[in-house]
Amino acid sequence: MKNIFKIIMLLSIGLFLNSCYYDAYPEEEISTPDNDGGEVPTEVSFQIDIQPIFGKCVGCHGGNQNPNLTEGNAYSSLVPAYVKANDANGSKLFKKLNDGHQGGVSNDKLALIKAWINDGAKNN
Ligand code: HEC
């Protein structure tokens with residue numbers, strides 16, 4: 001009889017501690033921004049995230065070869081001729097890099113370009 005009582009006590013304590021443990025979780029999630037751990041930041045910036053990717057392109061796309069990907073010219077050269085806002089798969093820039101044009105770009109960078117286009121291809 002004594003043993004059964006002990007087991008019930010232990011179970012109750014266990015359940016009690018467990019319930020406290022769970023309470024703590026939702027609060028933590030609220031204070032955590034939803035962009036941590038993701039591959040792509042919630043808002044991709046053309047200036048900060050996309051323009052630097054073209055560093056390896058400007059040797060060829062420095063003005064004579066379209067599109068002109070130099071800083072200050074890349075956006076107007078790309079949109080709308082090579083980038084269809086909100087439609088990465090229908091954009092020549094994305095298709096070209098997806099096909100590995102001149103060595104292409106890393107998957108992370110390709111994902112950034114895709115997110116930027118599908119987020120409206122803003123000049124941000
Ligand atoms: C070694 C030179 C070279 C490099 C580096 C290069 N390109 Fe190109 N690119 C070309 C040439 C040449 C063409 C035209 C022939 C073709 O379509 O492949 C071209 C075509 C393109 C086109 C299509 C143009 C059109 O009017 O159809 C896009 C878009 C493009 N490049 C983007 C890029 C991007 C973005 C990068 C960097 C990640 C890059 N290129 C790197 C030489 C290069």
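Ligands are counted one by one from 1 in listed order, and the atoms in each one are counted from 1 as well. Keep in mind that this is a model prediction, so the values were computed, not measured. The residues of the chain are indexed from 1 along the displayed sequence.
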Report, in ascending order of atom number, the atoms of ligand 1 lying under 4.0 Å from any heavy atom of [X].
X	value
Cys60	1 (C), 2 (C), 3 (C), 4 (C), 5 (C), 42 (C), 43 (C)
Val105	38 (C)
Lys56	5 (C)

Tell me if a side-chain donor or acceptor on [X] pairs with a main-chain N or O of [Y] at a distance below 3.5 Å.
X	Y	result
Asp99	His101	no
Asp49	Leu112	no
Lys84	Val79	no
Tyr82	Phe94	no

Per atom 9 (N) of ligand 1, closest listed option by heavy atom (His101, Gln102, Gln65):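 When every heavy atom of His101, Gln102, Gln65 is considered, His101 comes closest to atom 9 (N) of ligand 1.
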Of the listed options Lys95, His61, Lys109, closest to atom 8 (Fe) of ligand 1 (non-hydrogen atoms):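 Heavy atom nearest to atom 8 (Fe) of ligand 1 belongs to His61.
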Nitrogen or oxygen of Asn66 less than 3.5 angstrom from that of ligand 1: no
Test item: Lys109 and Ile50 side chains (from C-beta on) under 4.5 Å apart, heavy atoms: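 The answer is no; the side chains never approach within 4.5 Å.
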Close approach of Gly59 to ligand 1, heavy atoms, under 4.0 angstrom: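 Gly59 does not count as a contact of ligand 1 under the 4.0 Å cut-off.
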Leu69 near ligand 1 by a heavy-atom separation under 4.0 Å: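 Yes, that is the case, since the closest heavy atom of the residue is under 4.0 Å from the ligand.
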Proximity of Leu97 to ligand 1 by residue part, where a heavy atom lies under 4.0 Å: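 Side chain only.
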Among all protein non-hydrogen atoms, which one is nearest to [atom], and what is the separation to 0.1 Å?
atom	value
atom 28 (C) of ligand 1	Pro67 CD, 3.6 Å
atom 18 (O) of ligand 1	Lys96 NZ, 3.1 Å
atom 26 (O) of ligand 1	Tyr82 OH, 2.6 Å
atom 27 (O) of ligand 1	Lys92 NZ, 2.9 Å

Minimum heavy-atom distance between Asn66 and Ser77, given as atom pair plus value: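 Looking at all heavy atoms of both residues, the closest pair is OD1-OG, 4.5 Å.
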Side chains of Ser106 and Asp108, donor plus acceptor under 3.5 Å: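 The answer is no; no qualifying pair exists.
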CG-OG distance between Asn118 and Ser91, expressed to the nearest 0.5 angstrom: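 Spacing of CG (Asn118) from OG (Ser91) equals 7.5 Å.
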Euclidean distance, Glu71 CD relative to Phe54 CZ, rounded to 0.5 Å: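 Phe54 atom CZ to Glu71 atom CD measures 11.0 Å (nearest 0.5 Å).
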Heavy atom of protein closer than 4.0 angstrom to atom 15 (C) of ligand 1: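 When distances to the protein are checked, atom 15 (C) of ligand 1 has no heavy atom within 4.0 Å.
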Ring geometry between Phe46 and Trp116 (parallel below 30°, tilted from 30 to 60°, perpendicular above 60°):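 Judged by the thresholds at 30° and 60°, the geometry between Trp116 and Phe46 is tilted.
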Cys57 N/O/S atom closer than 2.8 Å to atom 8 (Fe) of ligand 1: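 Under 2.8 Å: Cys57 has no N, O or S contact with atom 8 (Fe) of ligand 1.
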